[in-house]
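To start, the structure itself, in structure tokens.
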Amino acid sequence: MSEFAFAQIGVIRSPWKEKFAVPRQPGLVQDGGGELHLLAPYNQPEAVRGLEEFSHLWLLFVFHQTMEGGWRPTVRPPRLGGNTRIGVFATRSPFRPNPIGMSLVELKRITSKKQSVILELGSLDLVDGTPIVDIKPYLPFAEALPEAHAGFAQSAPKANMPVRFSPLAQQQLQQQVRYPHLERFIREVLAQDPRPAYRKDEALDRVYAAWLLDFNVRWRIDEAGTEVVAIDLR
């Protein structure tokens with residue numbers, strides 16, 4: 001068997017500071033955009049010449065937060081309730097023989113100055129600090145296949161969990177001014193109910209937390225849906 005070594009060409013900067021609560025696919029949270037910063041020696045304007053003519057990109061990345069867990073021949077996709085096992089190659093699970101993922105993202109603009117080349121991206125599903133190993137332009141004529149069948153993931157996951165804010169959380173929202181769309185962003189994230197499938201039968205009122213942007217967002221699930229308990233600046 002052959003082994004291959006790949007150089008990291010860039011790093012992702014995103015609002016997702018940990019893998020908990022990251023959307024399961026890009027494009028599900030409109031305010032969940034980020035940036036790709038190219039690293040030397042790939043941070044040359046010549047390397048991205050012509051890329052601005054493409055609206056979307058494929059990013060090939062490394063599952064750096066889970067790679068030490070190794071691979072598993074079968075996994076339990078959240079879309080199947082977390083109980084049904086299927087082959088790893090029939091999923092996009094991070095627990096793969098080679099911890100490589102791919103993500104289709106919108107390219108908004110490219111900024112090049114001095115030794116810096118930054119790709120501004122639309123909604124993504126990558127944790128802050130994710131290593132990027134390649135960029136490929138998206139080709140609609142070859143890759144947009146609306147008649148294709150996608151097994152257990154034919155449609156986007158539901159995002160219909162009601163979300164409300166406690167008086168404390170509302171006050172904390174009003175006190176911050178850096179992120180004008182913070183409330184909408186949190187609503188869209190929590191409307192997808194980011195809890196692992198195996199935890200969705202847990203007792204109500206348990207408090208969950210995720211680091212989003214610069215905030216430790218805490219919420220609980222009750223019979224009425226999700227209540228954001230607090231939004232603490234980290």
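The structure displayed is predicted, hence computed values, not measured ones.
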Provide the closest heavy-atom pair for [X] versus [Y] in the form atom of the first, atom of the second, distance.
X      : Y      : result
Phe20  : Arg195 : CE1-CA, 4.0 Å
Val127 : Thr130 : O-OG1, 2.6 Å
Ala7   : Tyr42  : CB-OH, 3.4 Å

Interatomic spacing from [atom1] in [X] to [atom2] in [Y] - rounded to 0.5 Å:
X      : Y      : atom1 : atom2 : answer
Glu183 : Gln172 : CD    : CD    : 13.0 Å
Phe89  : Arg96  : CZ    : CZ    : 6.5 Å
Thr226 : Trp219 : OG1   : CH2   : 8.0 Å
Ile9   : Ile132 : CD1   : CD1   : 7.0 Å
Lys136 : Leu60  : NZ    : CG    : 6.5 Å
Leu104 : Leu59  : CG    : CG    : 8.5 Å

Ignoring hydrogens and geometry, is there a side-chain-to-backbone donor-acceptor pair from [X] to [Y] under 3.5 Å?
X      : Y      : result
Lys17  : Ser14  : yes
Gln170 : Ser166 : no
Glu52  : Gly50  : yes

For residues 109-126, tabulate all N or O donor-acceptor pairs below 3.5 Å that involve a side-chain atom, not counting sequence neighbours.
unit_1: Arg109; atom_1: NH1; unit_2: Glu120; atom_2: OE1; d: 2.6
unit_1: Arg109; atom_1: NH1; unit_2: Glu120; atom_2: OE2; d: 2.9
unit_1: Ser123; atom_1: OG; unit_2: Gly27; atom_2: N; d: 3.1
unit_1: Ser123; atom_1: OG; unit_2: Val29; atom_2: O; d: 2.7
unit_1: Asp125; atom_1: OD1; unit_2: Ser103; atom_2: OG; d: 2.7

Does Tyr208 share a hydrophobic cluster with Phe185, counting links as ILVMFWY side-chain heavy atoms below 4.5 Å and allowing steps through other members?
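Result: yes, single cluster for both.
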Counting only pairs under 3.5 Å, give me each side-chain donor-acceptor contact of residues 61-74, with atom names and distances, residues two or more places apart or in other chains.
unit_1: Thr74; atom_1: OG1; unit_2: Arg85; atom_2: NH1; d: 3.2

Using the test side chain to side chain contact (heavy atoms under 4.5 Å, CB included), find all partners of [X] that sit at least two apart in sequence or belong to another chain.
X      : value
Ala209 : Asn216, Arg218
Ile86  : Pro77, Leu80, Thr84, Ala90, Thr91, Phe152
Asp214 : Arg178, Tyr179, Leu233

Sequence neighbours left out, what pairs pass salt bridge (Lys or Arg N to Asp or Glu O under 4.0 Å) with at least one residue falling in residues 36-50?
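Every candidate salt bridge (Lys or Arg N to Asp or Glu O under 4.0 Å) pair involving residues 36-50 fails, so no pair, neighbours aside, qualifies.
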Going by an N to O cut-off under 4.0 Å, is there a salt bridge joining Arg206 and Asp222?
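Result for this pair is no, no salt bridge flagged.
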Apply salt bridge (charged side-chain N to carboxylate O under 4.0 Å, His left out) to Arg220 and Glu227, showing your working.
CA-CA 5 Å; Arg220 66 184 184 92; Glu227 179 185 40; 2.7 Å; yes
Other residues, nucleotides, ligands: >12 heavy atoms within 6.0 Å of Glu147 CD
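It does: Glu147 CD has more than 12 such atoms within range.
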Heavy atoms from other residues, nucleotides or ligands near CZ of Arg164 exceed 12 (cutoff 6.0 Å)
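Yes, CZ of Arg164 has more than 12 neighbouring heavy atoms, counting only those of other groups under 6.0 Å.
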